[in-house]
Amino acid sequence: MTFEQWTRAVLERVEDALEHYLPTESTEPAKLHEAMRYAVLGGGKRVRPLLCHAAGELTGARPECLDAAAAALEMIHVYSLVHDDMPCMDDDALRRGKPTVHVKYDEATALLVGDALQSQAFVALTSDVLEPLQQAALVRELALAAGSIGMCGGQAIDLASVGHKLTREQLETMHRMKTGILLRAAVRMGALAGSAPDAQAMRSLDAYSAAVGLAFQVVDDILDVTTDSATLGKTAGKDAKDGKPTYVSIIGLDASRALAAQLRSDAHAALAPFGARAQRLAELANLVVNRVS
Ligand code: GRG
């Protein structure tokens with residue numbers, strides 16, 4: 001199977017899984033469920049679900065187990081986007097090429113959509129396709145990644161850094177927490193959904209994730225200044241406008257491009273112990289660095 005065929009097949013599974021794990025539009029309260037589905041379905045690159053499936057293939061995880069984990073990861077990710085776009089945070093009107101949830105509905109609905117997606121993620125993770133011990137392990141991974149020492153903590157640092165000069169190290173810490181830890185959780189959860197990897201394998205996967213997570217952010221910063229809003233599906237040039245420190249503002253565009261390429265090589269090197277079994281993860285590192293939106 002080519003990478004494109006594999007990606008298409010996984011994306012179809014992910015869409016079906018999200019459809020399955022989200023309440024239907026007619027479930028009361030219908031407006032909340034319609035808004036949750038508006039936020040989640042039919043958009044986004046689904047990077048976290050792809051990483052989860054690729055890591056799970058490495059450890060022989062059953063696809064239906066990966067579907068549950070991938071749906072949970074995407075729901076947490078979408079909750080963070082919905083809240084991040086609200087006026088009290090980033091205040092953005094465009095996401096995935098559509099009006100943001102608080103613009104399309106209202107602020108209270110956007111708040112509830114995020115809250116309810118976070119809960120629904122853990123409903124998906126505790127579905128009985130996963131063994132009880134696996135459920136517990138995956139719940140812990142996702143809860144830690146989403147919480148105050150992960151994504152929420154990174155967001156807090158981000159909000160506090162507006163208008164301040166950050167060193168490259170501080171910028172890296174912020175991104176590692178805000179986006180990197182959830183990407184790492186995607187890889188770890190995929191791997192844990194199969195036959196438990198040993199500590200050495202887990203360290204290799206974490207090294208891969210650290211490189212991919214940082215590359216993801218560096219590329220995000222590059223695209224913010226080189227790509228238009230229509231292609232990105234979100235407001236371009238916003239970081240500079242909001243006075244946010246980025247890789248491009250700290251080290252410049254050319255050095256940022258070189259860094260992204262170096263991180264892709266680091267990601268590939270971390271996968272060496274797995275040989276050909278890690279082909280999909282290696283291809284996903286390429287996808288993250290070469291993406292145009
Ligand atoms: C509100 C708790 C809370 C956290 C928000 C992830 C995040 C933290 C905010 C998103 C803001 C942002 C633009 C972050 C930079 C990188 C990033 C996560 C971009 C969006 O993720 P993609 O590119 O989006 O995977 P799609 O739409 O493709 O899923």
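This structure is a prediction, so every number in the text was calculated from the model and none was measured. We count ligands from 1, going down the list as the structure has it; atoms in each ligand are counted the same way. Residue numbers run from 1 in the order of the sequence given. These values consider heavy atoms only, across backbone and side chains, with no hydrogens, waters or symmetry-generated copies.
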Original post:
In terms of atom number and element, which parts of ligand 1 are under 4.0 angstrom from non-hydrogen atoms of His83?
Top reply: 1 (C)
**OP:** Starting from the C-alpha separation in whole Å, work towards a yes-or-no answer on side-chain contact (heavy atoms from CB on, under 4.5 Å) for Leu18 and Leu41.
**Re:** CA-CA 7 Å; Leu18 287 166; Leu41 296 175; 3.8 Å; yes
Original post:
Does Asp158 approach ligand 1 within less than 4.0 angstrom via side chain, backbone, both or neither, non-hydrogen atoms only?
Top reply: neither
Original post:
Which one of Ser80, Gly44, Gly150, Gly147 has a non-hydrogen atom at the shortest distance from atom 4 (C) of ligand 1?
Top reply: Ser80
Subject >> Protein heavy-atom partner closest to atom 13 (C) of ligand 1 - residue, atom, separation in Å >> reply: Lys234 NZ, 3.9 Å
**OP:** Taking only heavy atoms of Cys152 into account, list the atoms of ligand 1 that are under 4.0 Å away from them.
**Re:** 2 (C)
Subject >> Face-on cation placement of Arg280 at Tyr208 ring, 6.0 Å and 45° thresholds >> reply: no
**OP:** Kindly compute the distance separating NE2 (His77) from CG (Leu183), expressed to the nearest 0.5 Å.
**Re:** 8.5 Å
Subject >> Per-atom contacts, ligand 1 versus Lys178 - under 4.0 Å to a heavy atom >> reply: 8 (C), 14 (C)
Subject >> Distance filter under 4.0 Å to Asp220 heavy atoms, resulting ligand 1 atoms >> reply: 15 (C), 16 (C)
**OP:** Show which atoms of ligand 1 fall inside a sub-4.0 Å distance from at least one heavy-atom site of Tyr79.
**Re:** 2 (C)
**OP:** Can you spot which of Asp115, Val113, Leu112 makes a side chain to side chain contact (heavy atoms under 4.5 Å, CB included) with Val82?
**Re:** Val113
Original post:
Do you know which of Glu57, Gln279, Glu283 makes side chain to side chain donor-acceptor pair (under 3.5 Å) with Trp6?
Top reply: Glu57
**OP:** Please could you name the atoms of ligand 1 that Leu81 approaches to less than 4.0 Å, counting only its heavy atoms?
**Re:** 10 (C), 20 (C)
**OP:** Tell me which protein heavy atom sits closest to atom 18 (C) of ligand 1, plus the residue, atom name and distance to 0.1 Å.
**Re:** Thr179 CG2, 3.2 Å
Subject >> Which residue and heavy atom of the protein sit nearest atom 25 (O) of ligand 1, plus the separation >> reply: Arg48 NH1, 2.8 Å
**OP:** Mind checking the OG1-CG spacing from Thr226 to Asp221? Nearest 0.5 Å is all I need.
**Re:** 10.5 Å
**OP:** Indicate, with yes or no, if Met189 and Val47 share a hydrophobic cluster defined by side-chain heavy-atom contacts under 4.5 Å among Ile, Leu, Val, Met, Phe, Trp and Tyr.
**Re:** yes
**OP:** Take every heavy atom of Gln217, measure it against each atom of ligand 1, and state whether any distance is under 4.0 Å.
**Re:** yes
Original post:
Going by atom types only, do Arg8 and Gln5 share a side-chain donor-acceptor pair under 3.5 Å?
Top reply: no
Original post:
Any N or O of Lys45 that comes nearer than 3.5 Å to an N or O of ligand 1?
Top reply: yes
Original post:
When rounded to the nearest 0.5 angstrom, what distance separates CG in Leu22 from CZ in Arg37?
Top reply: 6.0 Å
Original post:
What is the closest protein heavy atom to atom 8 (C) of ligand 1, and at what distance does it sit?
Top reply: Gln155 OE1, 3.4 Å
Original post:
What protein heavy atom sits nearest atom 24 (O) of ligand 1, and how far away is it?
Top reply: His77 NE2, 3.5 Å
Subject >> Any side-chain donor near an acceptor of the partner, Glu34 and Tyr105, under 3.5 Å >> reply: yes
Subject >> Nearest-neighbour protein heavy atom for atom 10 (C) of ligand 1, which is reported as residue plus atom name and distance >> reply: Asp84 OD2, 3.6 Å
Original post:
Out of Arg96, Met86, Arg46, who gets a non-hydrogen atom closest to atom 29 (O) of ligand 1?
Top reply: Arg96
Subject >> Carboxylate-amine/guanidinium proximity below 4.0 Å for Arg96 and Asp85 >> reply: no
